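The block underneath contains the structure these notes are about, expressed in structure tokens.
Values reported hereafter were calculated over all heavy atoms of this structure, with side chains retained and with hydrogens, waters and symmetry mates removed. Just so it is clear, the structure is predicted and the values come from calculations on it, not from any experiment. Chain letters run A, B, ... following the sequence lines, proteins first, then strands; residues in each count from 1.
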Number of protein chains: 2
Amino acid sequence: MSSLERLLSVLDLFTEERPIWTLEDIIETHSFSRSMAYRYVKELSDSGLLMPIGRGRFVLGPRIIELDRQIRVCDPLLAVSQSIMLSTIEEVGDGILTLSSLYGERIICTHQEPESSPLRVTHSRGRTLPLFSSSTSRAIVANLPERKLVKLFLEHRPEISAGGLGNEWAEFKKKLAEIRRAGICLSHGAIDPGVVCAAVPLFNGKSNVVGAICLVQADQGREISRRDKDLVRAAAARISEGVGNLLSQDVMKPLPQKAAGPFLANAGVALAEV
Amino acid sequence: MSSLERLLSVLDLFTEERPIWTLEDIIETHSFSRSMAYRYVKELSDSGLLMPIGRGRFVLGPRIIELDRQIRVCDPLLAVSQSIMLSTIEEVGDGILTLSSLYGERIICTHQEPESSPLRVTHSRGRTLPLFSSSTSRAIVANLPERKLVKLFLEHRPEISAGGLGNEWAEFKKKLAEIRRAGICLSHGAIDPGVVCAAVPLFNGKSNVVGAICLVQADQGREISRRDKDLVRAAAARISEGVGNLLSQDVMKPLPQKAAGPFLANAGVALAEV
DNA sequence: ATTAAAATGTCAATATATGAGATTTTTGTA
DNA sequence: TACAAAAATCTCATATATTGACATTTTAAT
């Protein structure tokens with residue numbers, strides 16, 4: 001285990017159920033030596049990923065918010081997707097459209113359009129989806145290179161089996177091939193009850209999957225309409241094309257330039273006034 | 001320089017002006033060896049802090065969005081501040097109230113209330129403020145322990161001098177003491193023209209500064225009113241008290257429990273349908 | 001001011017990161 | 001589909017940065 005992994009594993013401790021951690025508890029759960037624990041939380045605090053709030057207690061730090069803003073303002077994948085997602089969900093006229101990506105073995109929802117909706121779903125910005133049982137996950141996983149699929153199958157056999165994706169490698173592979181060929185993955189109530197989904201994978205121009213978009217609608221007894229499915233497919237195709245374009249253009253000056261307004265020189269700050 | 005610093009310094013490359021980086025360019029700017037650069041971006045990608053989009057190109061990764069959600073949903077500092085900030089800005093009836101924190105040598109705005117406003121200001125969630133010239137920064141810096149101030153003074157003498165905070169250590173120290181004593185720091189057009197600010201530091205119960213709140217209003221020729229300043233002071237006092245309470249309570253079960261709705265077992269995901 | 005606790009610094013041992021090159025995998029083109 | 005070129009990963013000896021016990025300093029409490 002590399003030292004980066006050890007360090008970042010500290011961040012994994014911070015959950016909704018337990019957003020504050022003391023040094024003592026970090027030492028216990030990770031069996032760090034005392035000096036190492038001090039060093040780690042100091043490095044993480046200096047980099048802003050953690051923030052000390054006093055008495056040996058820590059919460060997630062402001063650097064995360066800064067990096068998140070960076071993504072919101074100018075992430076190229078988001079820039080390509082956002083307007084397409086917005087116009088698509090407007091044309092569909094009902095439901096939410098989500099954008100998700102894979103890292104390590106987690107699927108994360110990174111954007112949704114519209115930002116708020118009466119539909120209350122698990123799919124929402126920043127949330128994790130299960131690796132095998134959501135339509136979004138399946139749309140992505142089905143398009144992963146075989147080498148990664150072998151690894152996933154070996155390490156997640158129980159979940160794959162429970163999710164109905166097959167008990168043997170051959171079966172798993174065959175089912176994923178079906179999803180891949182269909183180009184769309186549907187579900188009803190897989191993650192949230194009362195909701196139906198249609199997920200389509202996104203590629204970087206070529207054949208590398210970089211994520212998926214998913215249309216989520218209230219379950220009204222019938223399937224997502226043919227028309228809506230086609231709209232989602234069309235949106236995915238346009239996004240994939242856009243991502244492909246990112247790869248051909250020169251990286252040095254993509255400059256979306258949203259006129260971010262640089263800081264002005266300090267005009268006049270009162271030192272202290274009451 | 002530790003290997004964590006080296007690794008995280010890669011994240012600093014990703015700016016609004018240049019949100020995509022190739023492996024080649026990372027190697028050049030950091031003068032990493034080829035193998036090390038591959039290793040670094042792989043580690044960062046595996047942890048989700050970077051995301052490969054193909055052809056050796058990288059953007060900031062989805063783990064950041066996941067961590068940001070964690071903060072939005074259950075950060076204790078935010079939980080304590082949010083309702084106080086909202087009710088305060090409603091009572092003030094005009095402007096924006098921001099919450100900022102320090103890490104390393106950056107001041108970051110971590111929250112604002114209301115979320116959107118006709119007032120277009122630099123102060124907004126995720127943005128960095130200059131260390132010495134904004135009222136928010138000064139409210140925080142003035143309350144840092146002397147040891148840190150010495151370091152800041154030595155390393156930022158030009159900016160401190162340019163910002164009118166003194167040319168010599170004694171002068172710097174004296175001016176900060178004034179700000180500290182006043183308990184509030186005012187500015188007009190320091191960062192954004194046409195805007196006036198009043199910032200009050202936040203403490204963790206005791207004397208450790210953990211951030212500042214700042215009232216931002218359109219500049220209408222006159223100062224922020226005595227009443228508004230008092231409202232901000234009162235809000236800061238309540239937040240400081242709340243943060244102090246975080247330190248005394250048992251950390252094991254703070255459980256804000258916003259009923260986050262766990263995933264349901266997969267009810268029925270169609271394998272692939274058209 | 002005094003004591004206790006918390007945080008940081010010191011240093012030798014050693015585990016881990018490093019970089020050059022070999023090897024494998026992926027991509028582009030016929 | 002096969003082939004060549006490029007990209008990404010793996011290997012391994014070396015050097016260096018990490019580690020942990022302990023000493024020291026700093027901070028907090030009475």
**OP:** Return the 5'-most residue of the pair B/L4, B/L23 with respect to DNA chain D, ranking by each residue's nearest nucleotide.
**Re:**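 Upstream on the strand: B/L23.
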Subject >> Sequence-distant partners of B/Y40, ring-ring contact (aromatic ring centres under 6.0 Å, His included), two or more places apart >> reply: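 B/Y40: ring-ring contact (aromatic ring centres under 6.0 Å, His included) contacts with B/F32.
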**OP:** Mind checking ring-ring contact (aromatic ring centres under 6.0 Å, His included) for B/F153 and listing every partner two or more places apart, or none if nothing turns up?
**Re:**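 Residues passing ring-ring contact (aromatic ring centres under 6.0 Å, His included) with B/F153: B/W169, B/F172.
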Carboxylate-amine/guanidinium contact [X] [Y], below 4.0 Å:
X	Y	value
A/K151	A/E146	no
B/R157	B/E168	yes
A/E66	A/R63	yes
A/R34	A/E24	yes

Subject >> the helix from C/dA1-D/dT30 to C/dA30-D/dT1: angle between end helix axes, five pairs per end, rounded to 10 degrees >> reply: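 Comparing the axis at each end, I get an angle of 80°.
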Subject >> Heavy-atom closest contact (B/L60 atom, B/I64 atom, distance) >> reply: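 The pair with the smallest heavy-atom distance is CB-CD1, 3.9 Å.
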Original post:
What are the two closest non-hydrogen atoms of A/E159 and A/F132, and how far apart are they?
Top reply: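 Smallest interatomic distance, heavy atoms only, reads CB-CD1, 4.1 Å.
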Original post:
Quick one: salt bridge (Lys or Arg N to Asp or Glu O under 4.0 Å) partners of A/K42, sequence neighbours excluded?
Top reply: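 Result, salt bridge (Lys or Arg N to Asp or Glu O under 4.0 Å) vs A/K42: A/D46.
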**OP:** Give the intermediate values and the outcome of side chain to side chain contact (heavy atoms under 4.5 Å, CB included) for residues A/D75 and A/H111.
**Re:** CA-CA 11 Å; A/D75 178 67; A/H111 185 63; over 6 Å; no
**OP:** Anything under 4.0 Å to a heavy atom of chain A counts; send over the first and last such nucleotide of DNA chain D, read 5' to 3'.
**Re:**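 Nucleotide range in contact with chain A: D/dT19 to D/dA21.
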**OP:** Establish, with yes or no, whether the OP1 or OP2 oxygen of C/dA7 is under 4.0 angstrom from a side-chain nitrogen or oxygen of A/Y38.
**Re:**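 True: A/Y38 side-chain N/O within range (under 4.0 Å) of C/dA7 OP1/OP2.
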Subject >> Rounded distance in Å - CD (A/E24) to C1' (C/dA5) >> reply: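 Rounding to the nearest Å, CD of A/E24 and C1' of C/dA5 are 11 Å apart.
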Original post:
Tell me: CD of B/E5 to C1' of C/dA17, nearest whole Å?
Top reply: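 Checked: the CD to C1' distance equals 15 Å.
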Subject >> Sequence-aligned protein contact record of nucleotides 18-30 of chain C, with B where the base is within under 4.0 Å of a protein heavy atom and S where only the sugar-phosphate is >> reply: BBB-----SSS--
